[in-house]
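Have a look at this one.
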Amino acid sequence: MSQHYLHRHLTPAVGEAQLQAYGQSQGVPPAPASDRLSAREIAFLGARDSFYLASLTEAGAPYLQHRGGPVGFLRVLDERTLGFADYGGNRQLLTAGHLRRDPRVALFLMDYPARRRLKIDGEAQVVSLADDPQLAEQLAPQAAGEVERLVRIRVEAFDWNCPQFITPRFTAAELEAQLRPLQERITALEDELQGLRRHPS
């Protein structure tokens with residue numbers, strides 16, 4: 001766990017829970033500077049086609065939603081900043097509304113085949129297309145639908161989780177890529193069999 005992420009989440013209550021369960025608790029590290037994304041995180045983020053986004057209501061109630069799109073739709077703008085284009089949905093605007101009062105968000109990203117997961121803490125801002133057309137071009141250069149707003153996220157901390165208990169799952173595209181050589185081999189064998197039937201030795 002990164003030192004900054006640990007500093008943010010290892011609260012006194014967590015220490016109490018550790019002490020009660022294990023007889024000892026971890027010390028809280030001093031507050032370091034905010035985390036910066038490295039090449040490892042940037043590559044991982046660029047390969048994702050979905051993530052989960054948590055925000056907070058004015059009363060502090062957590063709200064979690066799924067965001068999906070083409071691979072790489074969550075873009076790394078720099079080593080401290082992420083962004084994505086927000087399309088029209090059910091018109092509730094829950095997350096957009098929450099961010100008006102509290103910018104704090106958490107992102108949870110999964111790579112099921114490789115059994116990897118990345119957690120990101122940040123602060124998010126809703127940006128209108130008219131206010132930042134350059135950002136709109138970065139986040140939705142060839143939009144498949146009508147982009148209603150942009151979301152820019154300032155990364156504060158992140159952490160990689162261990163792969164324990166992650167069940168591998170595969171998308172249709174991932175399965176197709178894995179099965180393609182087998183299908184090609186089957187087709188070649190069927191052609192060979194047809195040739196033998198036409199010209200038996």
Side-chain angles (χ1 to χ4, degrees), residues 1-2 5 8-9 35 37 40-78 80-129 132 135-136 138-178:
M1 182 173 287
S2 76
Y5 199 92
R8 292 170 65 90
H9 292 279
D35 288 339
L37 301 170
R40 180 189 182 198
E41 289 79 41
I42 292 171
F44 181 85
L45 291 164
R48 306 277 65 78
D49 62 2
S50 69
F51 64 94
Y52 299 95
L53 176 66
S55 58
L56 296 167
T57 69
E58 290 95 326
Y63 175 71
L64 183 68
Q65 69 173 182
H66 174 266
R67 278 285 186 263
V71 170
F73 79 100
L74 177 63
R75 298 186 181 274
V76 178
L77 302 176
D78 60 48
R80 286 285 311 282
T81 313
L82 306 174
F84 65 92
D86 200 23
Y87 296 86
N90 58 15
R91 304 176 68 87
Q92 291 182 330
L93 298 182
L94 295 178
T95 298
H98 298 163
L99 296 180
R100 287 175 175 261
R101 298 290 184 266
D102 192 331
R104 292 177 296 173
V105 294
L107 284 71
F108 194 82
L109 302 104
M110 295 292 299
D111 178 356
Y112 286 103
R115 301 176 67 214
R116 297 187 299 167
R117 52 188 167 187
L118 178 63
K119 299 180 295 188
I120 298 175
D121 283 354
E123 293 193 354
Q125 175 190 17
V126 175
V127 180
S128 75
L129 281 72
D132 199 333
L135 181 63
Q138 284 181 279
L139 299 182
Q142 295 178 327
E146 184 178 354
V147 178
E148 291 191 348
R149 65 197 60 80
L150 312 167
V151 179
R152 181 167 48 214
I153 302 167
R154 185 72 169 170
V155 175
E156 294 294 334
F158 62 82
D159 183 50
W160 292 92
N161 275 138
C162 71
Q164 189 177 19
F165 304 125
I166 298 177
T167 301
R169 292 182 172 88
F170 301 88
T171 65
E174 289 164 343
L175 285 173
E176 183 181 355
Q178 292 293 320

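Both backbone and side-chain heavy atoms feed into the values below; hydrogens, waters and symmetry mates do not. FYI, the numbering just counts along the sequence from 1.
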Under 3.5 Å, is there a donor-acceptor pair between the side chain of R8 and the main chain of A157?
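Absent.
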Measure across E174 and F170 and return the closest heavy-atom pair with its distance rounded to 0.1 Å.
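E174 and F170 have their closest heavy atoms at OE1-CA, 3.3 Å.
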Are the side chain of R80 and the backbone N or O of V155 linked by a donor-acceptor pair below 3.5 Å?
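The answer is yes, because a donor-acceptor pair under 3.5 Å joins these two groups.
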Could you pull out the closest heavy-atom pair between A140 and V147, with the gap in Å?
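Minimum heavy-atom separation between A140 and V147: CB-CG2, 3.8 Å.
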Minimum heavy-atom distance T167-Y112, with the two atoms named
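Scanning both residues completely, I find the closest heavy atoms to be O-CD2, 3.6 Å.
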Taking every non-hydrogen atom, the tightest pair across L56 and H98
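The pair with the smallest heavy-atom distance is O-CB, 3.2 Å.
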With rounding to the nearest 0.5 angstrom, report the CZ to CG distance, R149 to L129.
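R149 atom CZ to L129 atom CG measures 9.5 Å (nearest 0.5 Å).
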Close side-chain approach of W160 and Y5, heavy atoms under 4.5 Å
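A side-chain contact is absent here, since even the closest heavy-atom pair is not under 4.5 Å.
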Could you tell me if the side chain of P168 sits less than 4.5 Å from the side chain of R115, heavy atoms only?
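Yes, their side chains come closer than 4.5 Å.
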Locate the shortest heavy-atom distance separating L99 from A124; write the atom from each residue and the value.
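Looking at all heavy atoms of both residues, the shortest contact is CD1-CB, 3.8 Å.
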Using modelled atom types and a 3.5 Å cut-off, is there a donor and acceptor pairing between side-chain atoms of R117 and backbone atoms of C162?
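Indeed, once roles are kept as given, a pair shorter than 3.5 Å links the two residues.
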Would you mind reporting whether I120 and D35 have side-chain heavy atoms less than 4.5 Å apart?
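Contact flag for D35/I120 side chains = no.
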Non-hydrogen side-chain atoms of V76 and E41 separated by less than 4.5 Å
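No, too far: nothing below the 4.5 Å cut-off.
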Nearest 0.5 Å, please: how far is CZ in F51 from NE2 in H66?
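These two atoms lie 8.5 Å from each other.
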E123 side, atom CD; R154 side, atom CZ - distance, nearest 0.5 Å
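Output value for this atom pair is 10.0 Å.
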Testing I153, L139, L82 for side chain to side chain contact (heavy atoms under 4.5 Å, CB included) with L77, which one passes?
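Option passing the side chain to side chain contact (heavy atoms under 4.5 Å, CB included) with L77: L139.
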With a 4.5 Å cut-off on side-chain heavy atoms, are N161 and I166 touching?
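The answer is no, as the side chains (C-beta and beyond) never meet within the 4.5 Å cut-off.
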Around atom CD of Q178, are there more than 12 heavy atoms from other residues, nucleotides or ligands closer than 6.0 Å?
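Not more than 12 within 6.0 Å, no.
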Residue pair L109 / S50: nearest heavy atoms and the distance that separates them:
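Smallest heavy-atom distance, with atoms named: CD2-O, 4.4 Å.
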First locate atom CD of E148, then atom CG of D86, and finally report the distance between them rounded to the nearest 0.5 Å.
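It is 7.0 Å, given to the nearest 0.5 Å.
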Non-neighbouring partners of S128 that pass side-chain hydrogen bond (donor to acceptor under 3.5 Å, both in side chains), sequence neighbours left out:
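With sequence neighbours excluded, S128 shows a side-chain hydrogen bond (donor to acceptor under 3.5 Å, both in side chains) to D131, given in chain and number order.
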Would you give the length of the straight line joining atom CD of E146 to atom OH of Y87, rounded to the nearest 0.5 angstrom?
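Separation between the atoms: 11.0 Å.
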Would you find more than 12 non-hydrogen atoms of other residues, nucleotides or ligands less than 6.0 Å from Y63 atom OH?
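Check passes, neighbour count above 12.
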Is R40 close enough and on-axis enough to F44, meaning under 6.0 Å and within 45°, for cation-pi?
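Not satisfied by the 6.0 Å and 45° rule.
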Heavy-atom distance under 4.5 Å between the side chains of H9 and D121, does that happen here?
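Touching, per the 4.5 Å side-chain cut-off.
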Taking the side chain as every heavy atom from C-beta outward, state whether R100 and V126 have any pair of such atoms under 4.5 Å apart.
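No, too far: nothing below the 4.5 Å cut-off.
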Among T95, D102, L64, the one residue meeting side chain to side chain contact (heavy atoms under 4.5 Å, CB included) with S55
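With S55 as partner, side chain to side chain contact (heavy atoms under 4.5 Å, CB included) holds for just one option, T95.
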Please step through side-chain contact (heavy atoms from CB on, under 4.5 Å) for the pair R48 and L74, ending with a clear verdict.
CA-CA 8 Å; R48 306 277 65 78; L74 177 63; over 6 Å; no
Output the distance between atom CD (Q138) and atom CG (D132), rounded to the nearest 0.5 Å.
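Going from CD on Q138 over to CG on D132, the span is 8.0 Å.
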Is the shortest side-chain heavy-atom distance between L53 and F84 below 4.5 Å?
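Touching, per the 4.5 Å side-chain cut-off.
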